[in-house]
Each structure stands twice: as structure tokens, then as C-alpha cells.
Trainee: 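Mind having a look at this structure? Questions to follow.
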2 protein chains.
Amino acid sequence: MSLSLNQWTTRRWSLPEAVDGCARHGLEAIGLWREKVAETGLARSAKLVREAGLRVSSLCRGGFLTAGGLPGEEGRRAFAEALDDNRRAVDEAAELGAACLVMVVGGLPGVRPGEALPAGFSRDVAGARERVAEALASLAPYAGERGVKLALEPLHPIYCPDRAVLSTLGQALDLALPYPEEQVGVVVDTFHVWWDPALFEQIARAGRRIASYQVCDYLHPLPADVLLGRGMMGDGVIGFPPISRAVAAAGYDGDVEVEIFNAEVWAADPDEVLATMKERYADFVAL
Amino acid sequence: MSLSLNQWTTRRWSLPEAVDGCARHGLEAIGLWREKVAETGLARSAKLVREAGLRVSSLCRGGFLTAGGLPGEEGRRAFAEALDDNRRAVDEAAELGAACLVMVVGGLPGVRPGEALPAGFSRDVAGARERVAEALASLAPYAGERGVKLALEPLHPIYCPDRAVLSTLGQALDLALPYPEEQVGVVVDTFHVWWDPALFEQIARAGRRIASYQVCDYLHPLPADVLLGRGMMGDGVIGFPPISRAVAAAGYDGDVEVEIFNAEVWAADPDEVLATMKERYADFVAL
């Protein structure tokens with residue numbers, strides 16, 4: 001395994017700046033975000049990472065597939081639009097040569113991050129999960145034809161209302177297993193899964209289905225905006241070594257992305273963030 | 001099933017006031033808290049609920065058993081103190097005739113709610129879980145001898161660092177099953193478990209092990225203090241009917257406690273809170 005920068009960790013940097021930063025800090029891989037790729041342009045982004053000799057450890061992110069759970073025409077339109085957008089994301093991942101497309105599947109239909117509950121939102125979490133399975137049946141073959149692996153990311157249950165009705169690694173595996181290994185895998189992100197009593201059993205079960213291993217710490221207490229509760233490794237409560245060992249024992253030998261959503265990290269000098277990240281990775285995560 | 005007031009929902013009320021409130025609003029049961037019982041006195045509290053003809057649907061709470069995971073003498077002392085305190089809680093539950101003693105098992109050793117991580121806290125979540133199992137081996141027979149049922153409460157994973165390394169109903173059942181049904185059961189609290197993809201499977205598996213069914217809603221967005229993210233039924237994202245049906249189908253026919261931690265509810269007139277609670281219970285929860 002080797003260290004990769006998920007570019008959202010240094011979100012002040014444009015894609016060219018992040019590519020340059022990885023090269024200067026001796027990293028071999030980068031995780032890209034679609035927003036950043038779009039700013040720079042897809043073809044130019046692909047050229048930049050290729051010329052810098054970087055692997056693209058993931059493209060973030062597809063998903064948000066659950067709005068189809070809204071009733072009637074609104075739901076049908078939202079579902080079709082989500083599938084269209086995800087096919088574009090697959091195409092982008094293919095052109096970038098990304099090891100996987102990270103899928104954040106979406107929350108309860110109609111519920112939006114940070115906003116009050118709107119009239120007409122859905123409380124049907126089981127139905128939302130069925131929409132995800134339905135969407136996957138359409139997207140997995142499309143991704144397979146383009147050589148892209150969809151990586152289903154279970155998110156911490158705190159994000160179940162607004163971001164992902166996919167909450168555990170076991171649930172992600174249940175969704176992935178009907179498809180070929182090269183079409184659908186799963187993400188192990190320490191922030192999201194560290195608390196799961198079934199974690200080690202499910203990592204072993206995942207085996208070669210692990211498409212991405214992402215690390216960052218879980219802060220305590222959480223900040224007011226829980227989305228920003230992610231911290232540099234060593235700043236929170238997660239014990240990384242048992243998780244790293246389990247992921248390695250399962251057969252994962254890909255890149256390890258550091259993906260941190262944190263107001264202080266975002267405000268810091270990105271070069272210092274990379275230097276700290278390398279140190280902390282060596283001290284807390286690497287085997 | 002019938003409605004019960006968990007007295008923390010009306011925490012401005014003393015125990016005598018809450019008992020009186022339940023009687024005036026026609027409730028048949030109340031869930032008590034040790035702090036409130038201590039204010040009024042154990043014998044007087046027991047007499048008051050008995051004379052009012054109320055069932056005590058639960059006593060909250062025992063637990064916080066994980067500090068034994070701290071190293072050396074500090075850990076040994078903390079573990080012994082926790083066991084002592086839990087034996088006192090069992091004795092109180094027996095005198096009150098409580099249907100169960102709710103157990104919030106505790107978080108990572110040394111981590112405290114709302115406080116920054118102290119030096120020397122433990123990241124060993126697996127070890128903390130072992131301490132819980134170890135404590136249970138001592139407490140379950142003690143409870144059994146006094147006719148008290150320990151009710152293991154899985155808490156939402158957001159509370160794993162500081163309040164409960166017990167995060168899922170399945171995990172709670174694994175801990176409970178080695179003991180007789182009358183000694184150790186589990187709590188189904190909608191706030192804590194609604195997101196769990198294995199919820200319905202585990203409720204069915206629990207069967208008569210369900211010692212308490214607690215309801216309140218999960219607010220979105222969460223407030224800055226996530227402990228207070230609980231709301232009146234209908235104010236959040238939880239779909240109660242499938243959960244109520246599953247709990248009933250599992251064989252639970254006890255009281256349904258409404259337990260709400262919420263700054264606005266606590267600031268409101270408790271009589272209005274009870275009136276609203278009865279309406280919302282009828283509209284959203286009752287079958």
C-alpha cells in the first residue's frame with residue numbers, strides 16, 4: 001500500500017496545483033474530485049496526472065441515486081437524471097484512468113444536507129435502499145464496459161438522512177456481490193466504519209472487493225457541522241493499526257487515500273498539510 | 001403496548017411532579033432516572049409510583065463499564081467502582097419494581113462527553129467491548145437474584161467514543177444471549193437504531209429479549225450538541241410504523257417510553273409536552 005492525497009484534503013488547491021504538490025512531496029497517487037476536474041477540464045486533467053506519473057486512486061464521486069423515491073413524475077425524472085449524471089461520472093473515471101469511482105449513494109429522498117426537512121420528503125429508508133440497488137443494476141454493466149469499478153462507500157450512520165442510506169460495510173458487500181469483482185467494489189473509510197462491531201468480519205468477507213482504503217481520524221467532540229468532524233490521523237479516537245492490518249490481510253494492496261473534511265485543515269497551507277499527512281501516515285497508519 | 005413517559009423528557013419536573021403529571025394525563029407507566037430518584041429519595045419514590053398505580057417501565061441508567069480499560073491501578077479501581085455503582089442501580093431497580101435497568105455501557109476508556117480527548121485515553125474499542133462482557137458476567141447473576149432485568153441499550157454510533165461502544169442491536173443480542181432471558185435483555189430505541197440495515201432481522205432475532213421499546217425522532221439537521229438531536233415523533237426522519245410492527249411481531253407487549261433529549265422540549269411547559277407526546281404517539285407510533 002502507498003499513500004495517496006485525496007485532493008479534497010487540500011481543497012484550496014486547483015487540480016494542477018494538487019498534482020504539482022503530490023509530485024513535489026513524492027506521492028505516487030492522487031484521488032480526484034469531479035468538481036476540480038471540471039474546473040481544469042477533463043482532457044487537461046487526465047494529461048496532467050499522466051504526465052506527472054501519478055496513479056488516480058479514485059474519482060469522487062458518483063451516487064445520489066435515491067431521489068427516485070419521491071412520488072410520481074418528480075421521482076422518475078430525478079432517477080433518470082441521477083443515472084445520466086452517474087454515466088457521465090463513469091466516463092470521466094474511464095478517461096482519467098481512475099482505479100475506481102467512489103459512490104455516495106444518497107440519503108432519504110428529498111432530504112438535503114444542512115437544510116431543514118422539506119415538505120414531501122420520504123421517511124422510507126428501505127425504499128431508498130431499493131432505489132440504490134435498482135440504479136446499480138443499470139450502472140454496473142455500463143461501468144464494466146468502460147473498465148471502471150464502482151466503489152460503494154458506506155457512510156457513518158450520522159449521514160443516513162442526507163447523504164447515504166448505505167451505512168455498513170456488510171450492507172455495501174451485499175449490494176456489490178451480485179456483480180463481477182471488476183465492476184463493483186467497496187470503500188473502507190476509517191471515519192465511517194471504525195465503530196462497527198462487525199468491521200473485521202466484514203473486511204475479511206470483502207477480500208478483493210475492497211476497491212479503496214481511505215483514512216482520516218474521527219474527532220471528539222464533533223464540531224457543530226458534523227460533516228467537518230474528520231481530522232488528521234492521530235487527532236481523534238481511531239486506532240488505525242488493526243484496521244490497516246485487516247485491510248492488508250484481505251488482499252488490498254492499492255493506494256491509501258487521506259481524505260479530510262476539516263475547516264482548520266482547509267485553512268492551512270496545503271504544503272504543510274501534505275508534510276503533516278506524510279508524517280502522520282507513517283506514525284499511525286502504515287504497517 | 002401502551003405509552004410511558006420517560007421522565008427525562010420532562011426533566012424540569014421532579015419525580016413527584018412527573019408522577020402526578022402521568023396520573024393527570026392518564027398514563028399507566030413512567031420511566032425513572034436515578035438522579036431524580038435520588039433527589040426524592042428511593043423509598044419515597046417507590047411509594048409515590050406505587051400509590052399512583054404506575055408501572056415503572058425502566059430505570060435509567062446503569063452502565064459506564066469501560067473505564068476498566070485504562071491501564072494499571074487506575075483501570076482496576078475504575079472497574080471496581082463501576083461494578084459497585086451498578087449493583088446499587090440494580091438494588092434501586094428492585095425496590096422500584098422497574099421492568100428493567102437500562103444499561104448505557106460506556107465509551108472508549110478515558111473519553112468524556114463534550115470534553116477534549118485527555119492524555120492517556122484508549123483507542124482500543126475491541127478491548128472496551130471486552131470489559132463490558134466481563135462486567136456483565138458479574139452483574140447479570142446479581143441482577144437475576146434480585147429479580148431485575150438488565151436492558152443493554154445500543155446507542156447510535158455517533159456516541160461510540162464517549163457513551164457506548166455498543167452500537168447495534170445485533171451486538172447487544174450477542175452480549176445478552178448467554179444469560180437467561182429474565183436477566184439480560186435489549187433496548188430498541190428508535191433514535192439509536194433506525195438507520196441500521198439489519199434492524200428488522202435483529203428485532204425478529206431478539207424476540208422476547210426486547211426489554212424496552214423507546215421512541216423519539218431523529219432530527220435533521222442535528223443541533224450543534226448531538227446529544228440533543230432527539231425530537232418529538234413526527235419532527236424528524238424516522239418512519240415509526242414498520243419498527244413498531246416489528247417490535248410487536250417479536251412479542252413485545254410492554255410499555256413504550258418516550259425519551260427526548262431536546263433543549264426546546266425541556267424549555268416547554270411539561271404539561272404541554274405530555275399533551276403533544278400523547279397526540280404524536282397516537283399519530284406516528286401506535287399500531
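Chain naming here is simple, since letters A, B, ... match the order of the sequence lines and numbering starts at 1 in each. These numbers come from a predicted model, not from an experiment.
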Trainee: Side chain of R123(B), backbone of F240(A): donor and acceptor closer than 3.5 Å?
Mentor: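 Not a single qualifying donor-acceptor pair exists.
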Trainee: Can you tell which of P157(B), A224(B), G239(B) has the highest number of heavy-atom pairs within less than 4.5 Å of chain A?
Mentor: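 Option with the greatest count: P157(B).
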Trainee: Taking side chain as everything from C-beta outward and backbone as N, CA, C, O, which of these in L108(A) sits under 4.5 Å from a heavy atom of chain B? Side chain, backbone, both or neither.
Mentor: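 The side chain, not the backbone.
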Trainee: If you take all heavy atoms of D235(A) and L117(B), which pair is closest and at what distance?
Mentor: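 Here D235(A) and L117(B) meet closest at O-CD1, 3.9 Å.
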Trainee: Which heavy atom of Q171(B) sits nearest to which heavy atom of P197(A), and what is that distance?
Mentor: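 Closest pair (atom of Q171(B), atom of P197(A), distance): OE1-CG, 3.1 Å.
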Trainee: Counting only non-hydrogen atoms closer than 4.5 Å, does R112(A) touch chain B with its backbone (N, CA, C, O), its side chain (CB onward), both, or neither?
Mentor: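 It is the backbone, since no side chain atom gets that close.
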Trainee: What part of V226(B) gets closer than 4.5 Å to chain A, counting heavy atoms only: side chain, backbone, both or neither?
Mentor: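 The side chain, not the backbone.
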Trainee: Can you tell me how far the CH2 atom of W195(A) sits from the CG atom of L166(B), to the nearest 0.5 Å?
Mentor: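 Between atom CH2 of W195(A) and atom CG of L166(B) there are 11.5 Å.
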Trainee: In terms of heavy-atom proximity below 4.5 Å to chain B, should Y218(A) be classed as side chain, backbone, both, or neither?
Mentor: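 Just its side chain gets close to chain B.
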Trainee: Go through C160(A), G107(A), G170(A) and name the one with the most non-hydrogen pairs under 4.5 angstrom from chain B.
Mentor: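 The option with the most such pairs is C160(A).
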Trainee: Is it the side chain or the backbone of D196(A) that comes within 4.5 Å of chain B heavy atoms, both, or neither?
Mentor: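 D196(A) touches chain B through backbone heavy atoms alone.
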Trainee: When you look at CD of E264(B), are more than 12 heavy atoms from neighbouring residues, nucleotides or ligands closer to it than 6.0 Å?
Mentor: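 Not more than 12 within 6.0 Å, no.
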Trainee: Please state whether the side chain, the backbone, both or neither of F121(A) comes within less than 4.5 Å of a heavy atom of chain B.
Mentor: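 Contact with chain B involves the side chain of F121(A) alone.
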Trainee: What part of D225(A) gets within 4.5 angstrom of chain B, counting heavy atoms only: side chain, backbone, both, or neither?
Mentor: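 Contact with chain B is absent: no heavy atom of D225(A) under 4.5 Å.
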Trainee: Could you report the tightest heavy-atom contact between P161(B) and H220(A), atom names first, then the distance?
Mentor: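 Scanning both residues, the minimum pair turns out to be CB-ND1, 4.0 Å.
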